[in-house]
Amino acid sequence: MSKHIERQDGFNSSRRGLMKATGVAVAAMSLIPAAAATQALAQTTEWDKTFPKNDKVDHQKVSFKNRYGITLAGDLYLPKDRGNGTLAAIVVSGPFGAVKEQSSGLYAQTMAERGFATLAFDPSYTGESGGEPRNIASPDINTEDFSAAVDFIGLRPEVNRERIGVIGVCGWGGMALNAVASDKRVKAVVASTMYDMTRVMSKGYNDTVTLEQRTKTLEQLSRQRWVDAEKGTPAYQPAYNAEVNADSPQFMIDYHDYYATLRGYHKRAVNSRNAWSQTTPISFMNMPILTYIAEISPRPVLLIHGEKAHSRYFSETAFAAAAEPKELMIIPDANHTDLYDRMDKIPFDRMAEFFGQHLA
């Protein structure tokens with residue numbers, strides 16, 4: 001049966017008004033000048049995470065290829081006290097524009113402490129993963145990245161391949177749901193503080209972009225392809241989360257406070273003052289990734305979102321479209337980025353219970 005766990009209705013009309021005013025920004029984000037992109041690096045051997053190392057967990061740097069031949073970089077976490085049997089496993093990625101040294105790594109390490117084999121990975125073209133040019137995204141390739149991670153972890157000797165789950169954070173929450181809809185090896189999925197990137201890029205926040213605006217954006221994106229083709233390299237957007245001021249929308253201030261400060265900054269993250277290519281939105285504009293979300297059933301879905309998150313409506317509509325069994329858990333007084341790293345807000349106990357039940 002479905003569950004909708006919620007203590008308060010925290011998404012008010014003033015926030016909706018704010019988001020409407022900024023709704024064109026994402027759909028038109030490719031129209032602004034370029035910024036330098038980060039380069040792919042050989043995997044570092046140092047602990048350069050934004051969270052402390054857990055002495056109850058073993059950590060190992062790993063790599064594997066996806067179906068398109070792109071080499072993905074990952075961090076494998078295993079509980080130190082794991083006995084001689086095989087473990088249930090969880091694959092983790094996200095947020096959109098982040099790296100495994102940030103939120104996904106924190107999720108992975110914390111779930112490993114709770115007894116799971118976990119893998120946090122950098123999506124194609126970002127972080128320490130391969131793919132050229134740098135800092136581009138694709139709903140198809142990034143969905144494939146999740147399944148490639150399932151390929152890899154299912155071959156590990158520590159893992160029972162019939163007991164694999166997935167966690168997607170923020171924009172990779174939508175990718176995770178899309179991947180699990182088609183990848184029947186996965187037994188359960190959690191999407192935390194989820195974005196549907198295809199929806200927000202094509203329609204803007206709260207679906208406020210008009211057909212005229214969408215058409216104009218696609219015309220400009222299309223012509224940008226000629227510019228990039230002539231130069232032989234893509235143009236990039238301005239640096240993400242580089243500056244905010246008192247007039248900035250609250251959600252942008254929240255992003256800055258995570259990605260651009262000591263709390264969550266990482267030099268390889270697109271969102272930490274780096275940038276996506278200008279033409280990244282093209283493949284998202286006609287690709288609604290949650291079309292088949294109901295086909296995750298009869299495998300369970302757990303959606304987790306903050307009460308005060310500007311993005312809450314993504315999880316609410318995904319929950320409505322999903323089939324049983326499903327659960328929507330609303331975290332009181334939490335905003336979007338609180339579920340990136342706030343240990344007192346992220347419901348790790350509920351996730352451990354969820355996977356413990358459904359990966360049994």
Side-chain angles (χ1 to χ4, degrees), residues 2 62 64-68 72 74-78 86-95 100 104 107-108 110-112 114-124 139-197 289-304 315 318-319 321-329 348 350-360:
S2 66
V62 297
F64 53 96
K65 287 190 176 182
N66 69 12
R67 192 164 53 90
Y68 298 109
L72 303 183
D75 287 307
L76 180 68
Y77 297 92
L78 298 170
T86 55
L87 303 172
I90 304 170
V91 167
V92 192
S93 196
K100 63 188 180 305
S104 63
Y107 273 69
T110 305
M111 295 304 289
R114 284 158 167 77
F116 300 91
T118 63
L119 173 66
F121 67 90
D122 287 333
S124 295
D140 177 25
I141 295 173
N142 296 141
T143 294
E144 157 62 21
D145 289 342
F146 268 113
S147 288
V150 173
D151 294 344
F152 172 81
I153 206 163
L155 297 178
R156 293 290 304 191
E158 307 92 344
V159 169
N160 182 337
R161 69 169 63 178
E162 301 305 322
R163 301 171 62 200
I164 298 177
V166 163
I167 299 174
V169 184
C170 184
W172 257 256
M175 303 292 186
L177 295 171
N178 191 40
V180 175
S182 61
D183 194 332
K184 305 303 182 182
R185 300 172 298 177
V186 179
K187 299 301 189 292
V189 58
V190 170
S192 180
T193 197
M194 188 202 83
Y195 258 61
D196 175 351
M197 296 308 302
I289 57 174
L290 298 187
T291 300
Y292 299 101
I293 187 173
E295 294 185 14
I296 295 174
S297 178
R299 297 162 297 156
V301 176
L302 172 59
L303 299 163
I304 302 167
S315 283
F319 177 74
E324 302 286 356
K326 58 183 178 179
E327 177 181 343
L328 173 60
M329 187 176 189
F348 284 117
R350 175 66 192 113
M351 285 191 282
E353 179 185 34
F354 174 80
F355 284 120
Q357 176 185 355
H358 297 294
L359 302 184

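With rounding to the nearest 0.5 angstrom, the CZ atom of F348 is 4.0 Å from the OG1 atom of T110. Note that OH of Y292 and OG of S182 are 11.0 Å apart. Values are rounded to the nearest 0.5 Å. Here the CD1 atom belonging to I153 is positioned 6.5 Å from the OG1 atom belonging to T118, to the nearest 0.5 angstrom. In this structure, CE on M329 lies 10.5 Å from OG on S192, to the nearest 0.5 angstrom. Rounding to the nearest 0.5 Å places CG of L177 at 6.0 Å from CG of L290. Note: W172 CH2 to M197 CE = 8.0 Å, rounded to the nearest 0.5 Å.
Judged purely by distance below 3.5 Å, without hydrogens or angles, the side chains of S124 and Y68 never pair a donor atom with an acceptor atom.
Contact of the M175 side chain with the D145 side chain is not registered, since no non-hydrogen atoms from C-beta on lie closer than 4.5 Å. Between M351 and I90 there is no side-chain heavy-atom pair separated by less than 4.5 Å. With a 4.5 Å cut-off on side-chain heavy atoms, R161 and L155 count as touching. E295 places a side-chain heavy atom less than 4.5 Å from the side chain of K184. Taking 4.5 Å as the limit, every side-chain heavy atom of F146 sits out of range of all side-chain heavy atoms of D183. R299 places a side-chain heavy atom less than 4.5 Å from the side chain of V186. At least one side-chain heavy atom of K187 sits less than 4.5 Å from a side-chain heavy atom of E162. The shortest distance between side-chain heavy atoms of L302 and F355 does not fall below 4.5 Å.
Smallest separation of non-hydrogen atoms from G74 and L119: CA-CD1, 4.2 Å. Nearest approach of V91 to A149, heavy atoms of both residues: CG1-CB, 3.4 Å. The shortest non-hydrogen separation linking P139 to I289 is CB-CG2, 3.7 Å. Minimum interatomic distance between A117 and L78 (heavy atoms only, all atoms of both residues): CB-CD2, 3.5 Å. Considering every non-hydrogen atom in both P157 and T86, the closest pair reads O-CG2, 3.7 Å. Closest heavy-atom contact between V92 and S104: CG1-O, 3.7 Å.
Checked by atom type and distance alone, the side chain of R185 pairs as donor or acceptor with a backbone atom of S147 at under 3.5 Å.
Note on K65 versus D151: no salt bridge recorded, every NZ/NE/NH1/NH2 to OD/OE distance being 4.0 Å or above.
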Begin from the C-alpha positions of I164 and L359 and carry the test side-chain contact (heavy atoms from CB on, under 4.5 Å) through to its verdict.
-> CA-CA 7 Å; I164 298 177; L359 302 184; 5.8 Å; no

For side-chain contact (heavy atoms from CB on, under 4.5 Å), just list the numbers for I167 and M111, CA-CA rounded to whole Å, side-chain angles, deciding distance to a tenth of an Å, and then say yes or no.
-> CA-CA 10 Å; I167 299 174; M111 295 304 289; 4.2 Å; yes

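Using cut-offs of 30° and 60° for the angle between ring planes, the F152 and F64 rings count as parallel.
Proximity of the aromatic rings of F116 and Y77 is defined here by a centroid distance below 6.0 angstrom, and this criterion is not met.
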